[in-house]
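Following: one structure in structure tokens, then a few remarks.
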2 protein chains.
Amino acid sequence: MIKILLTEDDPNLGSLLQEYLQAKEFEVDLARDGNLGLDMFLENEYDFCILDVMMPKKDGFSLAKEIRIKNPEIPILFLTAKSMPEDTLKGFEVGADDYMTKPFSMEELLVRIKAILKRVKKEEKNPEADQFALGNILFDSHKHTLTHEGNLTKLTSKESDLLKLFCQNLNKPVSRSYALKLIWGDDSYFNARSMDVYITKLRKYLKPNPDLQIMNLHGEGFKLVC
Amino acid sequence: MIKILLTEDDPNLGSLLQEYLQAKEFEVDLARDGNLGLDMFLENEYDFCILDVMMPKKDGFSLAKEIRIKNPEIPILFLTAKSMPEDTLKGFEVGADDYMTKPFSMEELLVRIKAILKRVKKEEKNPEADQFALGNILFDSHKHTLTHEGNLTKLTSKESDLLKLFCQNLNKPVSRSYALKLIWGDDSYFNARSMDVYITKLRKYLKPNPDLQIMNLHGEGFKLVC
DNA sequence: TTTCAAAGTTAAAAAGTGTTAAACCAGGTT
DNA sequence: AACCTGGTTTAACACTTTTTAACTTTGAAA
């Protein structure tokens, strides 16, 4: 679950955004001013910050600077009331990843959040290994192939995407909603059922090697153990 | 310093983009409509144009045509609204280098600008740079030819355009709609089927080299793996 | 133990793709 | 004008991938 810190002093806008993003399957903590925002940031692990620029007690830029001390990598997106040149520049100096002027559409906000997260994820995984050894089975996620004792099996894109996710988290739990959002785009009932179908398919592929197993963690997700 | 002409009638978005790009070390002139945009273009030397399609007085496509008269080489990137009638997209015939659909993230815009500039710079340095080595097959996208073990095959222009797009994105996914908009002008059912026909043709051409493969990424697009 | 949500499995429906051939269309030629 | 010609699109049919549906089994909580 992607965890977002949202700081916004306007209670209406704040909870509106919080609810919207929660509906989109993000975990969102809302802070009503800069000081509370910093407290929350230090107490929790976040993946993303959305900071209002004009807030009582501590403005968004000061907060961003302090956040950057602890975490120089975390994406920060600023919200500001009107387009002010000085503000924008100041924001980018602190290392803003993006910037939105009120009023804005929530849809647009979502687009930008996703774009930034996509880039960050790519950077994390870079350099990206696309071959995995699963016991005596070799998985090439780029070519979508499995090789076992010389014979080659072709996987479909979705099979490959899902298996890759398990390989990247070998022996570690992969939450259902994370996999769904990453591969299917969102966590819905039907996508979840679709994913179950793919789990069955992957289990068949991995059957040749008995010490390879996709375990279900009831209510949480799955893990591939080797 | 790279000099960009930006035409955008929405003052908020316009100055936001201007400031963002200035923060990224570009020189940016902003014009509020198509006529002013043309005036500025004729009075200054630009390296890049970002044109909103829907503008008062003169739309982005008309402006692009006039810009092309003076400078057939300059990169043009269009900003389009989401709900555009299909035939308007035909405007890509004026030779857009890229397009972005609103809403978009500024970060993504920057990535695309850089990608185009990089390609343009490469072309300037090396006018023969539209040659690609695909294993032991040599592809000349300018002459529309493939050379394999001495024998030469001529490609049609569409075959060449599509193969070039794959070569520019070797081992990376190329989305269907991106290819369609870029090469066919718009993403419609019949163009998509036409594209499939071309995929088949390209696969035949690349058959002589077994480690060259156009893979389908179901529902997304294709990638050429080498 | 009963109960119900979550997960496993299989099959059918729907969506997307591969391929071939015929139709169409624009250009140059007779 | 009618006729070629080569490129491109449309049509048709086969096939693959993904999703939806229906039914079964499992697991955790009341």
Side-chain angles (χ1 to χ4, degrees), chain A residues 141 143-146 153-166 173-207 213-225, chain B residues 86-87 90 92-93 141 143-146 153-166 173-207 212-225:
Chain A
S141 70
K143 290 182 178 167
H144 298 180
T145 56
L146 285 176
T153 316
K154 272 183 72 74
L155 301 187
T156 71
S157 317
K158 276 248 155 46
E159 289 166 353
S160 179
D161 290 349
L162 187 54
L163 183 54
K164 181 176 173 189
L165 183 58
F166 283 128
V174 176
S175 94
R176 210 187 181 96
S177 77
Y178 181 74
L180 284 170
K181 265 183 279 174
L182 202 68
I183 299 175
W184 275 264
D186 78 282
D187 178 350
S188 69
Y189 172 78
F190 284 117
N191 285 340
R193 304 318 333 279
S194 186
M195 175 169 162
D196 286 330
V197 172
Y198 277 89
I199 294 287
T200 299
K201 292 180 182 183
L202 290 186
R203 285 188 174 132
K204 269 187 196 142
Y205 288 129
L206 300 182
K207 220 164 196 173
Q213 207 184 337
I214 297 175
M215 284 180 53
N216 171 250
L217 309 167
H218 196 93
E220 319 223 347
F222 296 87
K223 76 176 170 185
L224 172 58
V225 304
Chain B
E86 277 185 5
D87 60 339
K90 289 277 184 193
F92 287 112
E93 281 160 15
S141 70
K143 291 180 180 164
H144 298 183
T145 56
L146 285 176
T153 316
K154 254 188 88 60
L155 301 187
T156 71
S157 43
K158 276 244 155 48
E159 288 167 352
S160 179
D161 289 349
L162 188 54
L163 184 54
K164 182 177 173 189
L165 184 56
F166 283 127
V174 175
S175 97
R176 212 189 179 93
S177 73
Y178 183 75
L180 284 170
K181 284 182 189 164
L182 221 58
I183 298 176
W184 274 265
D186 81 279
D187 177 351
S188 69
Y189 172 80
F190 285 116
N191 284 340
R193 305 311 282 110
S194 185
M195 176 169 164
D196 285 330
V197 172
Y198 278 88
I199 294 286
T200 299
K201 292 179 180 183
L202 291 185
R203 284 190 174 130
K204 267 186 197 143
Y205 289 130
L206 300 182
K207 218 163 198 174
L212 224 46
Q213 207 185 338
I214 298 177
M215 283 182 54
N216 172 249
L217 308 168
H218 196 98
E220 311 264 322
F222 296 87
K223 73 177 172 187
L224 173 57
V225 308

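Only this structure's heavy atoms are used, side chains among them; waters, hydrogens and symmetry mates stay out. These figures come from a predicted structure and were not determined experimentally. Proteins come first, then strands; the chains are lettered A, B, ... in the order of their sequence lines, and each starts at number 1.
- Residue-level contact check: Y189(A) touches neither bases nor backbone, having no heavy atom under 4.0 Å from any strand.
- Other residues, nucleotides and ligands place no more than 12 heavy atoms under 6.0 Å from the NZ atom of K143(A).
- The only member of T156(B), L182(B), I183(B), L155(B) that meets side-chain contact (heavy atoms from CB on, under 4.5 Å) when paired with D161(B) is I183(B).
- Remark on DNA chain D: of its neighbouring residues S157(A) and K201(B), the 5'-side contact belongs to K201(B), judged by nearest-heavy-atom nucleotide.
- Whole-Å rounding puts the F190(A) CZ to dA22(D) P distance at 10 Å.
- Phosphate contact (OP1/OP2 of dT19(D), side-chain N/O of W184(A), threshold under 4.0 Å): present.
- DNA chain C is contacted by both T200(B) and H218(B); H218(B) maps to the nucleotide lying nearer its 5′ end (nearest heavy atom per residue).
- Comparing I214(A) and R193(B) against DNA chain C, the residue whose closest nucleotide sits nearer the 5' end is I214(A).
- For the pair K201(B)/Y198(B), a side-chain contact is recorded, criterion being any heavy-atom separation below 4.5 Å from C-beta on.
- Between D196(B) and R176(B) there is a side-chain heavy-atom pair separated by less than 4.5 Å.
- Close to dT19(C), at under 4.0 Å from its OP1 or OP2, lies a side-chain N or O of R203(B).
- Annotation: side chain of L206(A) is in contact with side chain of L224(A) (closest heavy-atom distance under 4.5 Å).
- Nucleotide dG27(D) holds its C1' atom 13 Å from the CE atom of M215(A), rounded to whole Å.
- We find that CG of D196(B) is positioned 16 Å from P of dT8(D), with the value rounded to whole Å.
- Atom-to-atom, CG of D161(B) to P of dT8(D) comes out at 8 Å; the value is rounded to the nearest Å.
- In the helix from dT1(C)-dA30(D) to dT30(C)-dA1(D), the rotation axis of the first five pairs and that of the last five pairs differ in direction by 30°, rounded to 10 degrees.
- For the pair E220(B) CD and dT16(D) P, the interatomic distance rounds to 21 Å; values are reported in whole Å.
- Atoms NZ (K158(B)) and C1' (dT10(D)) sit 14 Å apart, rounded to a whole Å.
- Using a 4.0 Å heavy-atom cutoff across all strands shown, K154(A) reaches no nucleic acid atom at all.
- F166(A) has its side chain within reach of I199(A): a pair of non-hydrogen atoms, C-beta onward, lies under 4.5 Å apart.
- A straight line from CD of E159(B) to C1' of dG7(D) spans 9 Å, rounded to a whole angstrom.
- Rounded to a whole Å, the CG atom of N191(A) is 16 Å from the C1' atom of dA7(C).
- At least one side-chain nitrogen or oxygen of T156(B) sits closer than 4.0 Å to the OP1 or OP2 atom of dT8(D).
- In this structure, the side chain of N216(B) engages the main chain of G221(B) through a donor-acceptor pair within 3.5 Å.
- Of the candidates dT20(D), dG18(C), dA7(C), the closest approach to any side-chain atom of N216(B) belongs to dG18(C).
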